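Both counts, for ligands and for their atoms, begin at 1 and track the order of listing. Just so it is clear, the structure is predicted and the values come from calculations on it, not from any experiment. Below, each value reflects all heavy atoms present in this structure, side chains not excepted, and no hydrogens, waters or symmetry copies.
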Amino acid sequence: MTTRRALLEILADGHFHSGEALGAKIGITRAGIWKQLRALAGLGLTVYAVRGRGYRLDQPIEFLQAEAIQENLLVAARERLHQLIVLHEVDSTNSHLKSLALQGTASGTACLAEWQRQGRGRRGRHWVSPFGSSLYLSILWRFPTGPAALAGLSLAVGVALARAMPSSVGLGLGLKWPNDLQWKGQKLGGILVEIAGESSGPSYAVIGVGVNLRMPACAGGTIDQPWTDLSRICTEIPSRNALAAAVLTQLIIALQTFESDGLSSFMNDLRDWDVTAGRAVQLDLPSGVIKGHAQGIADDGSIMIQVGDELRRYASGEISLRMTT
Ligand code: BTN
């Protein structure tokens with residue numbers, strides 16, 4: 001075990017530990033402890049130092065445990081899970097699975113990490129991924145069809161993610177087309193689906209989801225849009241391993257359904273959770289900006305926008321949507 005991991009395992013309880021006690025437990029000097037503690041900021045963690053009491057994290061950490069996650073999967077999901085990889089750190093769980101996919105790794109391989117050094121969001125954006133505080137989960141799924149048949153996949157994944165949220169999240173939950181999980185207008189989670197394959201099939205998708213669970217203060221300060229996390233909106237903070245199991249279960253079930261029936265059985269939930277319908281919106285397309293009023297989601301997953309007299313439809317792709325009222 002590395003010194004950093006040993007230190008994190010002690011601090012994970014969220015209580016104060018003196019520099020002396022930490023040094024003695026880990027077997028390094030107090031100066032060494034101080035250096036290690038300072039480095040934790042680089043993992044997105046906030047450490048409080050109080051004279052006479054020692055050091056503590058601003059919130060406890062529940063480490064990810066593959067067995068606990070697997071045990072909590074519904075049987076239907078467990079049967080289709082090929083492998084569950086839990087990493088201490090990684091550049092990005094999506095990037096990791098993409099390279100495994102190229103080496104022939106089987107469909108149904110999932111990957112979770114405590115920390116992403118370079119978490120990726122849609123449209124080349126950075127996904128803030130502090131250590132041990134949220135959920136960073138990707139799954140590789142292979143399809144016999146070509147990439148064109150997977151156009152609505154990220155919308156189905158959005159529904160799966162919303163279905164996996166704890167019931168105590170309540171009525172504020174919504175989906176902002178194409179695939180932001182929101183709570184009362186604040187971002188709670190995001191989806192990054194990366195697809196590759198032959199035009200006539202087969203193809204594969206690496207589906208990555210990030211859910212904010214307990215965002216440390218310093219990492220939250222670097223997010224450039226309104227956000228929230230489950231610790232702020234649930235009456236009881238969900239267990240990270242239980243949340244991972246719930247998300248993985250819903251993802252695997254949704255992937256099987258999408259594989260056999262496409263988007264049709266997701267449409268009711270998609271429309272129920274759609275927060276854009278009836279709102280003034282702005283679409284940022286590669287070709288420019290469009291302003292109009294959202295009129296709901298069509299059966300193929302495209303969004304319908306009233307622009308002047310014209311009802312236009314836009315498929316997701318590299319589009320970003322903002323509600324302007
Ligand atoms: C977005 O809303 O922009 C999409 C965010 C997707 C983040 C997840 S976290 C797990 C997976 N690995 C990544 O690097 N990104 C996705």
**OP:** Determine the interplanar angle of the Phe143 and Phe258 rings, folded into 0 to 90°, and report it as parallel if under 30°, tilted if 30 to 60°, perpendicular if over 60°.
**Re:**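 It falls in the perpendicular class, over 60°.
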Original post:
Taking both backbone and side-chain atoms of Tyr136, is any N or O found less than 3.5 Å from an N or O belonging to ligand 1?
Top reply: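 No, since none of the N or O atoms of Tyr136 sits under 3.5 Å from an N or O of ligand 1.
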Distance under 4.0 Å to a non-hydrogen atom of [X]: what atoms of ligand 1 satisfy this?
X	result
Leu137	10 (C)
Gly119	14 (O)
Gly121	1 (C), 3 (O), 4 (C), 5 (C)

Without hydrogens or angle criteria, can the side chains of [X] and [Y] be said to hold a donor-acceptor pair below 3.5 Å?
X	Y	value
Ser239	Glu62	yes
Gln118	Trp127	no
Glu194	Asn94	yes
His293	Arg279	no
Glu198	Ser203	no

Original post:
How far is atom 5 (C) of ligand 1 from its nearest protein heavy atom, and which residue and atom is that?
Top reply: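 Of the protein heavy atoms, Trp127 CE3, 3.4 Å lies nearest.
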Original post:
Among protein heavy atoms, which sits nearest to atom 11 (C) of ligand 1, and what does the distance come to when rounded to 0.1 Å?
Top reply: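 The protein heavy atom lying closest is Thr93 OG1, 3.3 Å.
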Please work out which of [options] has its closest non-hydrogen atom nearest to [atom].
atom	options	answer
atom 2 (O) of ligand 1	Lys98, Glu194, Lys187	Lys187
atom 13 (C) of ligand 1	Gln118, Lys176, Gln225, Gln116	Gln116
atom 16 (C) of ligand 1	Arg120, His126, Arg122	Arg120

**OP:** Give a yes or no on whether the backbone of Ala294 and the side-chain of Thr276 come within a donor-acceptor separation of less than 3.5 Å.
**Re:**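 No, the answer is negative, given that no donor and acceptor are paired below the 3.5 Å cut-off.
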**OP:** Please work out whether any backbone atom (N, CA, C, O) or any side-chain heavy atom from C-beta onward of Asn179 is under 4.0 Å from ligand 1, and answer side chain, backbone, both or neither.
**Re:**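 Under 4.0 Å from ligand 1, Asn179 contributes no heavy atoms.
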Original post:
For the hydrophobic clusters of this structure (ILVMFWY residues joined by side-chain heavy atoms under 4.5 Å, transitively), does one cluster hold both Tyr136 and Leu43?
Top reply: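 Unlinked, Tyr136 and Leu43 end up in two clusters.
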Original post:
Applying a strict 4.0 Å limit to heavy atoms, is Arg123 in contact with ligand 1?
Top reply: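 The answer is no: ligand 1 sits nowhere under 4.0 Å from a heavy atom of Arg123.
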**OP:** State if Arg125 counts as touching ligand 1 under the rule of any non-hydrogen atom under 4.0 Å.
**Re:**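 The answer is no, since Arg125 has no heavy atom less than 4.0 Å from ligand 1.
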